[in-house]
Amino acid sequence: MHDTGTVPAPAPQATAPRPAAAPEKHTRRFGLPVATALVMGNIIGGGIFLLPAAVAPFGTVSLVAFAVLTAGAIALALVFGRLAHRDPRTGGPYVYAREAFGDFAGFLAAWAYWITTWVSNAALAVAAVGYLDVLIPVNDHAWTACLAALVIQWLPALSNFAGSRYVGAVQLVSTVLKFAPLLLVAVGGLFFFDPDNLGPFNASGDSALGAVSASAAILLFSYLGVESAAVSAGEVRDPRRNVGRATVIGTLGAALVYLLGTFSVFGTVAHDELVGSTAPFSDAVNAMFGGSWGGWAVALAALVSMTGCLNGWTLLSAQTPYAAARDGLFPAAFARKRRGVPTVGVGVTVVLASLLTVYNYTAGSARVFEILVLVTTFTATVPYLLATAAQLFHLARGEHEKVNRARLVRDAVLAALAFGFSLWLVAGAGYAAVYQGVLFLFAGVPVYAWLAGRRGRTAT
């Protein structure tokens, strides 16, 4: 059995939360371990293998930026946990924005998040080719590299087409496998730590505050994914309890790996060498144990990490359009499910990401693609801002069934921190990315207008 794709007539006003749909025959709901792995796997993609070198020019002050970002990410995770407790439907920020502010806000959240997922998938696949080239030479010709990137994208998509039980299995296995080498450096590096390798505290030449903000702008993209369990809430067992727990545990786990990993690399690789490194974790392993096998090991770990990340993001890329389609805010085809997975959403997303990948290789310009990656930082913050605003909305209304009065102050502080963190994400994306992102958002307005008109014609 599978979903027929029938779209219920939408209510003109925001409606009360509906219970999550009953699981399909071939669906296996995620438990807490898989939901936590989904959060950690989506936060920790391939970027961690480059982060230490990317922030090394700022000095160890970048660790302060890590700590500040971690606090903001955890605040956002706690807000998502509270929102999922009161409304455990699939869709996450889309559901929260629509219920609080109506259809158009919900559509903007869904549209922005959808853009984020498929552009990020394309970026991740292209980055993975660089690590694949260490093991199998593919970068000698643009088309072989392009083909490799497409294969890396389509393998997780096929896993999603097979059903949600396979998505969960791949996610859990890939998360476990990739953490082995990461923990080797993060924990093992502490035993080879040499303070002389750290270099200056602030090497940027700017003020400490300026250095923190500048390094934070590079690190911001690394924390996208804290919403993963909330977006897939309908596929999580006991979502009112497990979504919040998985979000917080997953975010804390990812933050611990980020901080320990970066700190260990800082202490095992000399600062001057780290600034120019293209494979900082490989250099750290080589410094710890000698030899040159570290490059192979880290390349393999990066491929496993990126494949698992793509597996999770491919699922998320279809979940938000699925939730919006059920409410009539996305084309009805996106509401069709098979074996627990919105297959049309997966298919459309992987096709768009593939086209963007082909464009990247044929254009021959890395700059175009870098701007698109920064756009995803901006587009992801749109649903973040709307979701945290929805929490502030419910707190301000003070409804007994929506707000626990005993936790009012705590929830208000967390929501304010999460909102401020989301604004910082927007600022970190930069002017060009915000400009491009706004164009992407406005491109969705005609889609909303068309669908709203069709709903109005059907109603009459």
**Q** Measure the acute angle between the ring planes of Y384 and F80, then classify it against the limits of 30° and 60° as parallel, tilted or perpendicular.
**A** perpendicular

**Q** K337 and V344: side-chain contact (heavy atoms from CB on, under 4.5 Å), yes or no, with the steps?
**A** CA-CA 8 Å; K337 264 192 174 185; V344 172; over 6 Å; no

**Q** Check side-chain contact (heavy atoms from CB on, under 4.5 Å) between A186 and all other residues, then give those that pass, not counting sequence neighbours.
**A** L260

**Q** Carefully, step by step, assess Y113 and T379 under the rule side-chain contact (heavy atoms from CB on, under 4.5 Å).
**A** CA-CA 6 Å; Y113 195 77; T379 54; over 6 Å; no

**Q** Flag yes if more than 12 heavy atoms outside L439 fall under 6.0 Å of its CG atom; otherwise flag no.
**A** yes

**Q** Restricting to non-hydrogen atoms, name the atom on V185 and the atom on V285 that form the minimum distance, rounded to 0.1 Å.
**A** CG2-CG2, 3.7 Å

**Q** Got a sec: does the CZ of F193 have more than 12 other heavy atoms crowding it under 6.0 Å?
**A** yes

**Q** Hey, mind stepping through R86 and H394 against side-chain hydrogen bond (donor to acceptor under 3.5 Å, both in side chains) and telling me if it holds?
**A** CA-CA 11 Å; R86 63 174 307 279; H394 294 313; 3.3 Å; yes

**Q** Evaluate the criterion side-chain contact (heavy atoms from CB on, under 4.5 Å) for residue pair D194 and T268; output intermediate values, then yes/no.
**A** CA-CA 6 Å; D194 183 355; T268 53; over 6 Å; no

**Q** Where is the tightest heavy-atom contact between H271 and L198, given as atom of each residue plus distance?
**A** CD2-O, 3.9 Å

**Q** Using a distance-only test with no angle check, is there a side-chain donor-acceptor pair under 3.5 angstrom linking W114 and T349?
**A** yes

**Q** Could you give the side-chain donor-acceptor pairs of residues 68-76 under 3.5 Å, partners two or more places apart or in another chain?
**A**
residue : atom : partner : partner atom : Å
T70     : OG1  : F66     : O            : 2.7
T70     : OG1  : Y223    : OH           : 2.6

**Q** Cut-off 3.5 Å, side chains only: do T116 and T376 have a donor facing an acceptor?
**A** no

**Q** Looking at every non-hydrogen atom in both residues, tell me the closest pair between Y96 and A387 and how far apart they are.
**A** CD1-CB, 4.1 Å

**Q** Check side-chain contact (heavy atoms from CB on, under 4.5 Å) between S354 and all other residues, then give those that pass, not counting sequence neighbours.
**A** L150, Q153, W154, V350

**Q** Does the gap between the ring centers of Y94 and F107 come in under 6.0 Å?
**A** no

